Protein chains: 2
Amino acid sequence: MGPTLEKLARTDAGLASALRVSVARLSRRLRTERDPDSDQLSPGQFAVLGLLDRLGEAAVGELAAQERVQPPSMTRTVSCLEEGGYVTRRPHESDRRQVVVALSDQGRAAVEAERRRRDHWLAARLRELTPEERQVLRRAAPVLDKLAHA
Amino acid sequence: MGPTLEKLARTDAGLASALRVSVARLSRRLRTERDPDSDQLSPGQFAVLGLLDRLGEAAVGELAAQERVQPPSMTRTVSCLEEGGYVTRRPHESDRRQVVVALSDQGRAAVEAERRRRDHWLAARLRELTPEERQVLRRAAPVLDKLAHA
DNA sequence: TATTGTTATACTCTATAACTATA
DNA sequence: TATAGTTATAGAGTATAACAATA
């Protein structure tokens with residue numbers, strides 16, 4: 001399967017297919033390589049914590065749009081997270097229809113703990129690569145990110 | 001955020017973190033960039049079709065294990081797919097407890113159509129990159145795949 | 001007796017519709 | 001009148017438990 005992908009990626013036409021497959025596989029692997037013990041938060045709940053970590057804070061509607069979820073669903077998720085002490089809710093300063101959600105210290109800690117745990121597995125795998133392969137990835141990471149934001 | 005990631009990836013310690021973030025972002029983007037019309041199959045159902053496309057054919061238990069789902073759930077998913085004409089079920093030749101699932105022609109066509117649609121978006125984004133950036137990705141794809149299988 | 005798959009049933013997550021409060 | 005969020009209710013999807021068939 002490796003050689004096949006390599007050959008595929010040589011042509012411009014095949015690069016998209018090869019890259020998509022590789023990214024999907026690695027992403028799936030990274031998602032499944034997580035501590036089965038400390039899974040108190042559902043994937044959807046954790047996704048919102050990660051989102052808040054990136055955005056700082058956000059209104060319920062914005063969270064719903066980002067997660068491609070309907071507002072009532074996000075209300076429920078946020079309520080669970082608030083009960084668990086992971087996030088706080090407060091009314092928007094100027095527009096009091098909106099409800100602004102922000103990470104609590106506990107929520108931030110949960111995000112960082114999960115992040116460290118996932119980095120741990122990947123870092124170990126990276127140490128098994130050759131220096132040349134690591135260099136390839138070092139240069140590829142920003143390009144992958146560029147694609148993600150394109 | 002781009003420069004930050006680039007700097008982070010320069011050190012071995014930061015590479016894991018930078019790569020994980022980039023792969024996760026691109027994967028999310030690739031997943032959301034899909035035709036909203038022709039979504040008759042649920043994500044779980046489509047995942048099984050993709051799995052069968054890779055494995056050729058598989059027993060219900062094997063599909064359940066690969067998708068990290070309990071056997072009764074996979075039975076249900078497979079039943080739906082069979083009703084839709086996407087897969088076939090037949091008893092295993094030597095061990096008649098097992099039920100072997102395989103893609104039908106329609107199922108294979110559905111997988112390939114979805115695949116082409118997803119490639120389309122990524123191929124367009126790749127054309128917007130510089131030749132050097134595409135070369136970086138060409139070399140990175142097999143390494144990403146190696147990590148996924150590590 | 002152990003294993004594979006299925007059926008029966010309950011729970012979680014998300015969606016749509018109706019409602020409240022604010023703009 | 002339009003918008004942001006919530007509440008109420010219903011529909012997928014998945015899980016556990018119990019069962020049937022085969023090894």
Side-chain angles (χ1 to χ4, degrees), chain A residues 28 31-32 34 36-52 55-84 86-103 110, chain B residues 28 31-32 34 36-52 55-84 86-103 110:
Chain A
R28 198 181 314 135
R31 239 181 306 126
T32 57
R34 53 179 189 187
D37 301 331
S38 52
D39 262 352
Q40 298 151 347
L41 277 64
S42 77
Q45 288 171 346
F46 192 77
V48 171
L49 293 189
L51 201 54
L52 286 171
L55 299 177
E57 55 181 31
V60 170
E62 193 180 348
L63 290 174
Q66 289 270 353
E67 285 298 311
R68 319 265 167 159
V69 147
Q70 291 306 307
S73 303
M74 188 50 71
T75 290
R76 244 181 80 91
T77 300
V78 168
S79 297
C80 287
L81 289 172
E82 190 185 28
E83 277 177 38
Y86 296 101
V87 303
T88 60
R89 261 201 266 225
R90 62 172 182 75
H92 189 280
E93 294 190 5
S94 55
D95 181 349
R96 280 182 306 200
R97 292 173 306 180
Q98 296 185 37
V99 172
V100 178
V101 185
L103 276 181
Chain B
R28 199 180 315 134
R31 239 181 307 125
T32 55
R34 56 180 186 184
D37 302 329
S38 52
D39 261 352
Q40 299 151 346
L41 277 64
S42 78
Q45 288 171 345
F46 192 76
V48 172
L49 293 190
L51 201 53
L52 286 172
L55 299 178
E57 54 181 31
V60 170
E62 192 180 347
L63 290 173
Q66 289 269 353
E67 283 298 311
R68 320 266 166 155
V69 147
Q70 292 304 309
S73 303
M74 188 51 71
T75 289
R76 244 179 79 92
T77 300
V78 168
S79 296
C80 287
L81 289 173
E82 191 185 27
E83 275 177 40
Y86 296 102
V87 303
T88 60
R89 262 201 265 226
R90 62 172 181 76
H92 190 279
E93 293 190 7
S94 55
D95 182 349
R96 279 180 307 198
R97 292 174 305 181
Q98 295 185 36
V99 172
V100 178
V101 184
L103 276 182

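Remember, predicted model here, so these are calculated numbers, not experimental data. Proteins come first, then strands; the chains are lettered A, B, ... in the order of their sequence lines, and each starts at number 1.
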Q: Using heavy atoms to find the nearest nucleotide of DNA chain C for A:S94 and A:P71 separately, return the residue whose nucleotide is more 5′.
A: A:P71
Q: Give A:Q98 one of three labels, base, sugar-phosphate or nothing, depending on what nucleic acid heavy atoms sit under 4.0 Å from its own.
A: sugar-phosphate
Q) Where do B:E93 and B:V100 land on the side chain to side chain contact (heavy atoms under 4.5 Å, CB included) test, with the steps shown first? A) CA-CA 9 Å; B:E93 293 190 7; B:V100 178; over 6 Å; no
Can a side chain N or O of [X] be found less than 4.0 Å away from OP1 or OP2 on [N]?
X: B:T75; N: C:dT6; answer: yes
X: B:R76; N: C:dT9; answer: no
X: B:R90; N: C:dG5; answer: no
X: B:S79; N: C:dT6; answer: no

What is the distance, rounded to the nearest whole Å, between atom [atom1] of [X] and atom [atom2] of [N]?
X: A:E82; N: D:dG5; atom1: CD; atom2: C1'; value: 13 Å
X: B:Q70; N: C:dA10; atom1: CD; atom2: P; value: 19 Å
X: A:R97; N: D:dA4; atom1: CZ; atom2: P; value: 6 Å
X: A:L63; N: C:dT14; atom1: CG; atom2: P; value: 13 Å
X: A:E67; N: C:dA15; atom1: CD; atom2: C1'; value: 16 Å
X: B:R68; N: D:dG13; atom1: CZ; atom2: P; value: 21 Å
X: B:R89; N: C:dT4; atom1: CZ; atom2: C1'; value: 13 Å
X: B:M74; N: D:dT16; atom1: CE; atom2: C1'; value: 17 Å

Q: Establish whether the base of D:dT22 is bridged to the side chain of B:R96 by a donor-acceptor pair shorter than 3.5 Å.
A: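 It does not, because no donor-acceptor pair links the side chain of B:R96 to the base of D:dT22 below 3.5 Å.
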**Q.** Reported CG-to-CD distance for the pair A:L63 and A:E57, which is rounded to 0.5 angstrom
**A.**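 Going from the CG atom of A:L63 to the CD atom of A:E57 covers 10.5 Å.
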Q. Checking side chain to side chain contact (heavy atoms under 4.5 Å, CB included) for the pair B:E67/B:T77: CA distance, chi angles, key distance, verdict?
A. CA-CA 11 Å; B:E67 283 298 311; B:T77 300; over 6 Å; no
Q. DNA chain D: A:D95 or B:S73, which has the more 5' nearest nucleotide?
A. A:D95
Q. Among B:R90, B:R76, B:R89, which residue meets the salt bridge (Lys or Arg N to Asp or Glu O under 4.0 Å) test with B:E82?
A. B:R89
Q) Among B:L55, B:L51, B:L49, B:L81, which one satisfies side-chain contact (heavy atoms from CB on, under 4.5 Å) with B:L103? A)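 Considering B:L55, B:L51, B:L49, B:L81, a side-chain contact (heavy atoms from CB on, under 4.5 Å) with B:L103 is found only for B:L49.
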